[in-house]
Amino acid sequence: MSSLALRDLSVTFGGVRALEGVSLEVAEGTLTGLIGPNGAGKTTLLDACTGYVAARGEVYLGDRRLDNLAPYRRARAGLVRTFQSLDLFDDLTVAENVATGMPGETNRRWWHQLRRMPSADIPVLHDLLGSLGLDGVADLLPGAVSQGQRALVALARALIARPDVLLLDEPAAGLDTHESEELGRRLRGVCERGTTVLLVEHDMGLVLGNCDHVHVLDGGKQLASGTPAEVRSDPAVLAAYLGEGSPS
Amino acid sequence: MIELLQFALLGLGAGTIYAALGTGVVLTYQAAGVINISLGAMGMYIGYTYAFLRNENLLVLPIGTFSMPVLPVWAAILLCLAIAMLLGLLAYALVFRPLRAASGLLKLVAAVGIVMVLQSLAVLRFPSTSASVPPILANDPLHIGGLTVPWDRFLLAAAVIAVAVLLWAMTRFTRTGLAMRAVAEDERAAMLLGHSPGRLSALAWLGSSALAGLLGILASPITGLDPVTNSLFVVPALAVAIVGRLRSFGVTVAAGIALGMIQSVVLKLQGDYSWLPQTGLRDVLPFLVIVVTLAVGGGRLPSRGTEEDPRLPAVPRGGTKPITVAATLLAGVALILTLDGPYRTALTTSVVAVLVCLGIVVVTGMLGQISLAQMTFAGAAGFVLSNLTTHTHLPFPLPPLIAVTLAVLLGVGVAVPALRIRGVTLGVVTLGLAVAVSEFVFKNPDWTGGFGGSRVPELRLFGVGLGGGGDVGFALFALFTVTACAVGVVWLRRTRLGGQMLTIRANERAAAAAGINIAGVKLTGFGIAAGLAGTAGVLLGYQQESLAFQNFDVFVSLTYVAVVYLAGISRVSGAVIAGLMAPGGLVYYALDRWLELGKYNAIVSAIGLLVALVTTPGGVAGELDRQMRWLAGRRRRPTVPEPSGEQAAVLGEETERVVTRTT
Ligand SMILES: Nc1ncnc2c1ncn2[C@@H]1O[C@H](COP(=O)(O)OP(=O)(O)OP(=O)(O)O)[C@@H](O)[C@H]1O
Ligand SMILES: [Mg+2]
């Protein structure tokens with residue numbers, strides 16, 4: 001278990017400043033939300049944390065500085081993410097997709113890579129698929145399951161890595177209200193079992209109902225930060241969401 | 001100094017060709033999304049057509065030859081351009097239009113098919129005797145200062161610059177040009193705005209074919225005509241099109257002319273300084289241009305906003321069973337023992353070809369990267385083997401082992417650009433490399449046997465000579481070696497490494513998110529593929545007892561990629577089928593004998609390739625697999641294979657609809 005800390009993170013795309021000097025902290029063991037209107041820079045923030053875009057600034061996982069590592073090294077260090085577009089492996093079955101995320105898969109010396117791929121019936125994988133209700137579709141290709149199930153597969157692939165910090169980009173997209181509530185409970189459970197979670201989400205119910213702490217991003221800058229109750233009543237946040245632009 | 005300048009101006013001739021073909025490449029890429037490597041061959045074919053029209057007053061079409069009255073030059077040129085446009089339009093309508101939503105790799109393979117058709121047509125229709133083209137442009141020497149340069153160089157350059165300015169103006173100021181830019185940005189949005197991507201693609205094929213044809217005619221008095229050499233002009237053209245980032249006509253033309261001039265100066269320096277390598281130095285330049293441009297420019301070429309499906313044929317579920325391997329091996333042994341003469345030679349050729357194809361299955365089918373230089377790795381190993389066995393006294397396993405190790409290292413080296421470059425662009429890089437190595441190394445008589453070939457002594461195991469060619473001993477040795485390699489690839493597919501290759505093929509960024517070391521896996525995959533190709537090169541050396549650069553020509557590599565794609569690039573069985581179908585292989589030879597195709601063999605296989613690509617994009621192996629399943633399903637009639645997921649839903653709907661309609 002670790003905390004995640006970002007110091008003065010900035011990203012520019014050509015002339016667009018997608019992120020401007022954002023510093024924020026995700027405290028150890030919390031379920032923290034990150035919200036903001038479309039184009040606020042939430043995905044860009046996750047990309048910057050995990051090394052998918054060139055960014056200035058510092059990224060710390062616990063005491064360890066990660067910002068000069070390649071994406072796969074950050075993942076192995078315990079900072080694992082999902083993608084807004086899910087990015088499942090189309091040629092692998094649901095079970096195989098999830099199995100690629102297993103820590104034993106990648107963290108070993110090279111000759112371990114020459115052993116057989118783990119089969120879908122190893123207990124950890126089986127249990128995880130079962131708990132997400134994916135056991136029935138374990139042998140199907142991702143193209144053959146529903147959008148909600150695909151979202152769960154992406155989540156499972158990240159969870160099975162037992163990350164210290166888990167970054168989720170809109171995991172509830174494609175889920176119905178009931179499934180979304182279920183996801184909230186599950187994420188709380190993940191937290192209790194020792195993973196720090198940063199949740200990017202448009203589903204306000206999910207964020208405000210489950211998170212310990214919420215950061216609000218707008219126009220690439222941090223707009224507000226606090227408990228769900230504080231954020232809910234923050235006038236700046238209301239203004240941003242009502243589309244009147246940030247008051248600054 | 002003045003002399004260098006003179007040479008630079010002489011290089012305008014070649015530079016103009018690169019500029020024009022490069023412009024054609026940009027045009028077809030922008031409008032149709034095809035990296036059109038067939039433009040060089042188009043220029044070559046039209047050059048021949050013109051030569052025959054002028055020299056013999058014969059109009060030689062792909063089918064049919066007509067006697068013509070003596071035509072004035074301009075009429076002959078116009079007639080040839082009309083033929084070029086017709087051929088371009090046919091290529092679009094019959095091949096690329098049906099494949100418009102296919103992956104970049106499939107389109108590239110289709111373009112290879114077009115090259116093969118044009119080359120074999122040229123060989124078939126134009127006996128090489130009267131292939132010299134009378135000068136068209138005035139080439140009186142022009143004296144400027146102390147320089148003497150033929151006039152035609154300037155006229156050519158002026159013509160191409162004029163065409164580029166025209167194209168530029170068209171994209172800026174006309175509705176068609178605007179539509180073209182819109183289509184390149186975002187095909188779907190452009191369609192919604194009422195532009196027809198199909199019409200634009202057709203126009204681009206017309207335009208680029210005409211341009212290639214025009215230069216083929218105008219420049220052939222300078223370059224001469226040869227089916228292979230002239231087709232290869234497309235490689236420097238690709239290099240300069242990449243300098244123009246596959247977008248800018250102006251930059252492409254400027255780069256093309258500059259490249260031609262620099263090459264000419266290099267040629268001059270090569271003559272002046274005997275310590276410089278004497279062959280192929282200028283052919284290395286296009287490769288350097290490609291690598292430097294991509295390194296400086298960030299490696300990413302503008303992608304087109306098309307709706308094309310970037311995916312390769314699906315990976316088969318299940319994998320190969322031991323029983324299949326054993327049966328194939330037994331069949332191989334039985335065939336070797338029963339066949340004789342040229343059939344056994346063809347079988348041995350097939351067996352070796354399977355190995356090349358296995359390398360392509362690993363690098364493309366499993367890893368998802370495009371390598372058009374597999375025969376380059378084979379050649380590197382083959383020539384190293386030849387040098388080691390003829391110049392040293394190393395005992396048996398060492399020379400081939402060293403040779404294959406070198407091929408692996410070369411493969412890993414080529415993978416370095418693959419860490420940043422993807423898809424068809426990587427294909428272009430490897431194509432450039434293949435040409436550079438072939439011209440610079442394989443044709444250098446100091447390192448290889450040059451035109452005479454390099455000797456490889458007979459392979460002896462435990463004091464017994466295995467023979468070569470179609471001898472039983474060598475055939476069995478090759479079969480067992482190749483089977484061992486194939487089993488290795490089947491096993492690789494089941495390892496974690498194999499799984500990681502598939503994840504990289506499917507989605508690189510998600511693979512990185514799962515903690516997979518993409519660089520490491522890619523380097524390993526390229527190394528394995530190059531090792532397989534290198535082993536093939538070694539076997540080829542022992543089989544033929546002599547190697548020449550023609551064995552490892554880029555067109556051989558391209559042909560293999562095409563054949564493997566056709567056979568099934570995502571599976572090991574595809575490599576086996578491809579080996580049988582490969583030129584010189586068993587099926588190829590048998591068909592040749594039975595159908596008595598004779599000189600038509602090349603053209604028939606080229607057309608067959610195109611037909612198969614358009615009709616079975618999943619490959620022969622995939623199709624066989626489907627048929628087998630269908631058969632198996634029929635035999636167990638009562639237990640209809642259970643439909644899965646979506647399929648079930650669709651079926652459910654179907655039955656419901658049927659039910660409601662009948663009630
Ligand atoms: N690759 C890119 N190139 C250029 N601009 C980009 C790129 N990616 C994002 N942007 C811009 O950066 C800004 C932030 O985008 P980002 O995707 O991070 O927003 P987001 O908060 O995740 O939005 P959403 O809720 O829609 O997912 C946007 O203005 C977007 O247009
Ligand atoms: Mg986003």
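Proteins get letters first, then strands, A, B, ... in listed order; numbering begins at 1 in each. Below, each value reflects all heavy atoms present in this structure, side chains not excepted, and no hydrogens, waters or symmetry copies.
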Item to check | Residue-level contacts of residues 63-70 of chain A with chain B, using a heavy-atom cutoff under 4.5 Å | outcome: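 Residues qualifying by a heavy atom under 4.5 Å from chain B are absent, so none.
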Checklist entry - Does the side chain of A/Pro71 come within less than 4.5 Å of B/Glu508's, by heavy atoms? => result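 Heavy-atom side-chain distance check fails, nothing below 4.5 Å.
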Checklist entry - Is any side-chain heavy atom of A/Glu96 closer than 4.5 Å to a side-chain heavy atom of B/Leu502? => result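 A/Glu96 vs B/Leu502: side chains apart.
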Next on the checklist: For the CZ atom on A/Arg17, are there more than 12 heavy atoms of other groups (residues, nucleotides or ligands in this structure) within a distance under 6.0 Å?
Outcome noted: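 It does not: A/Arg17 CZ has 12 such atoms or fewer within range.
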Item to check | Atom CZ of A/Arg188 with >12 non-hydrogen neighbours under 6.0 angstrom | outcome: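 Counting other residues, nucleotides and ligands, CZ of A/Arg188 exceeds 12 neighbours.
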Item to check | Where A/Arg81 and B/Ala513 come nearest, the two heavy atoms and their spacing | outcome: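 The pair with the smallest heavy-atom distance is CG-CB, 4.3 Å.
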Item to check | Shortest non-hydrogen separation from A/Phe83 to B/Arg509 and the atoms involved | outcome: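 In terms of heavy atoms, the two residues are closest at CD2-CZ, 3.4 Å.
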Among [options], which residue forms the greatest number of heavy-atom pairs with chain A at distances under 4.5 Å?
options: B/Asn507, B/Ile518, B/Leu497; answer: B/Asn507
options: B/Thr524, B/Leu492, B/Thr503, B/Val521; answer: B/Thr503
options: B/Ala506, B/Ala510, B/Gly498, B/Ala511; answer: B/Ala510

Next on the checklist: side chain to side chain contact (heavy atoms under 4.5 Å, CB included) for B/Asn517 and A/Tyr72? Distances and angles first, verdict last.
Outcome noted: CA-CA 6 Å; B/Asn517 178 357; A/Tyr72 81 95; 3.2 Å; yes
Checklist entry - With B/Ser570, which residues qualify under side-chain hydrogen bond (donor to acceptor under 3.5 Å, both in side chains), at least two apart? => result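 Testing B/Ser570 for side-chain hydrogen bond (donor to acceptor under 3.5 Å, both in side chains), a comparison that skips the adjacent residues, returns B/Arg505.
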Checklist entry - Checking side-chain hydrogen bond (donor to acceptor under 3.5 Å, both in side chains) for the pair B/Arg496/A/Thr100: CA distance, chi angles, key distance, verdict? => result CA-CA 9 Å; B/Arg496 292 154 196 250; A/Thr100 56; over 6 Å; no
